[in-house]
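Side chains included, hydrogens not; waters and symmetry mates left out as well; all remaining heavy atoms used. By convention in this document, chain letters (A, B, ...) are assigned in the order of the sequence lines, proteins followed by strands, and residues within each chain are numbered from 1.
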Number of protein chains: 2
Amino acid sequence: MSRRSGILEFAVLGLLRESPMHGYELRKRLNTSLGVFRAFSYGTLYPCLKTLVANGWLIEEPGSAPEDALAASLAGRRAKIVYRLTAEGKEHFEELLSHTGPDTWEDEHFAARFAFFGQTEREVRMRVLEGRRSRLEERLEKMRASLTRTRERLDDYTLELQRHGMESVEREVRWLNELIESERAGRDQRRSPEAGAAQQDTSGDAGGLPRHRGTTPPDPSEDTK
Amino acid sequence: MSRRSGILEFAVLGLLRESPMHGYELRKRLNTSLGVFRAFSYGTLYPCLKTLVANGWLIEEPGSAPEDALAASLAGRRAKIVYRLTAEGKEHFEELLSHTGPDTWEDEHFAARFAFFGQTEREVRMRVLEGRRSRLEERLEKMRASLTRTRERLDDYTLELQRHGMESVEREVRWLNELIESERAGRDQRRSPEAGAAQQDTSGDAGGLPRHRGTTPPDPSEDTK
DNA sequence: AATTTCATGTAATTCGTTACATGATTCC
DNA sequence: GGAATCATGTAACGAATTACATGAAATT
């Protein structure tokens, strides 16, 4: 019963675990956190929220977000509905977090999982990263095979498309390698020089993400438009 | 009427334009030519073929592919159905090829378009490549904006996901730049040394694709499994 | 005052998959 | 003679979108 999309359900629970939110904001966060990979519309989100409530994983609260203190106190106007994770919901999410299946390695599932690595145990993180990597390696083999098999009949553009596709996958594999290495390093070097004092516990080098040069120059841009 | 998926219809027509084929083979080619990006199942393909036939763009022929000469000559056994593009179908495809809309720049549409660049006029190719590029640049701006806006509240993993996503997009932009440059170069240097004699007219350097080191080592692999 | 953005929802529709059903051909 | 692969389909279902409908709040 209630075998919903998985991905959306998972992401909603994950976001709400961090803090209660109403649908509209949820959607925005959804489309930036999972970024690039997935965008959901209201027509998908709101019905999903309903069923999550029906499952007892969320409760609806009348708008009580910080800025709404005033608005909420006023009479019977349609307040924002703020969704909050219940204890059962939290438990359920915990379960989802630790479980891995064959879907986990697919593009969108993986992105969703990764987005919540901050709340995932290292053991599971490793499983997910390695699973994803071998999934991609399978894919690469298939591509290589099909390239050598059908090489002659393909025109230059198709070939170029294929080549670029393969390079993308190879690039992701390298990325995963870095991440896996970092995770391993994080496990081995217990106590890092100044861990423990920082306020964000996944920051610093304790969590062990590789350092990258910022892709974003200061760029004080106006608005998204 | 009959506003089918677009992408599948387009790809089917494009593949059949090169040579007649039956459904099973069509699907395989579909899933390698468009590669990485899209995979269709029979449940999608066969009904689509039906409607294309109904539209008069394809005709069904009893199996007459090279290897089937014998099989086809035998009595009333269920032959493979080979699909062949009609004149109307060809015309329709031609139209699709030269038309560009807002969808054209999206991931899957673009991949499909690119896969048939060999049959596309250079002018249109340029339009598609440049359209895609500016689509991606829009995307980059949004990402940058959202990064600078919400920087503080995101944990390291989410940030890393975003960073990797952005790099992927930036990489594709560079790829497009190369391609666009090649196209332009191809336009200027009219008559290349030995154009005209080769059997594949999009091969050689006339089309002007950038040279890349082979990503595929010889690797004589068994089968795709 | 008007426009934009915030905010919530529903109904119809599109796109595509999974699972099923069937059978021929080829490989071992 | 049994397994794998080739080959064609259908019906039931699933996931998500679009378009619509509604209205409050903030901005200009």
Worksheet item: Expressed in angstrom and rounded to an integer, what is the separation of A:Met21 atom CE from C:dT8 atom P?
Response: 12 Å

Discussion item. Looking at C:dG9, I'd like to know if its phosphate oxygens (OP1 or OP2) sit under 4.0 Å from a side-chain N or O belonging to A:Tyr42.
Written reply: no

Worksheet, complete the sentence: Comparing B:Gly43 with B:Glu25, nearest DNA chain D nucleotide closer to 5' gives the residue B:Glu25

Worksheet, complete the sentence: A:Leu45 atom CG is separated from C:dT8 atom P, nearest whole Å, by 9 Å

Response to the item:
Ranking D:dT5, C:dT8, C:dT10 by distance to the side chain of A:Lys80, first place goes to C:dT8

Worksheet entry | D:dA16 phosphate, OP1 or OP2, under 4.0 Å from A:Ser41 side-chain N/O | no

Worksheet entry | Between C1' of D:dA16 and CD of A:Glu9, the distance in whole Å | 15 Å

Fill in: Side chain of A:Tyr24 (C-beta onward), nearest among C:dG9, C:dT8, D:dT10
C:dT8

Item to complete: May I have the distance from B:Glu108 (atom CD) to C:dC15 (atom P), rounded to whole angstrom?
Response: 12 Å

Item to complete: Inspect the surroundings of CD in B:Glu91 and state if more than 12 heavy atoms from other residues, nucleotides or ligands are less than 6.0 Å away.
Response: no

Discussion item. I need the CD1-C1' distance between B:Ile81 and D:dC6, as an integer number of Å.
Written reply: 14 Å

Item to complete: Not counting sequence neighbours, which residues clear side chain to side chain contact (heavy atoms under 4.5 Å, CB included) with B:Arg171? List them please.
Response: A:His164, A:Glu167, A:Ser168, A:Arg171, B:Arg174

Worksheet item: Between D:dA15 atom C1' and A:Ile7 atom CD1, what is the distance in whole Å?
Response: 11 Å

Discussion item. Classify A:Gly23 by what it touches in the nucleic acid, base, sugar-phosphate, or nothing, heavy-atom distance under 4.0 Å.
Written reply: sugar-phosphate

Item to complete: Specify whether A:Trp175 and A:Phe110 have parallel, tilted or perpendicular ring planes, treating 30° as the upper limit for parallel and 60° as the lower limit for perpendicular.
Response: perpendicular

Worksheet, complete the sentence: Of the candidates D:dG9, D:dC6, D:dT17, the side chain of A:Thr44 sits closest to D:dT17

Fill in: Rounded distance in Å - CZ (A:Phe40) to P (D:dA16)
5 Å

Worksheet entry | N/O donor-acceptor pair under 3.5 Å between A:Asp103 side chain and A:His109 backbone | no

Practice prompt. Would you please confirm or rule out a distance under 4.0 Å between OP1 or OP2 of D:dT10 and any side-chain N or O of B:Lys50?
Written response: yes

Practice prompt. Would you mind reading off the distance between B:Tyr46 atom OH and C:dG23 atom C1', rounded to a whole angstrom?
Written response: 13 Å

Worksheet entry | Between A:Arg125 and A:Thr120, a side-chain donor and acceptor under 3.5 Å | no

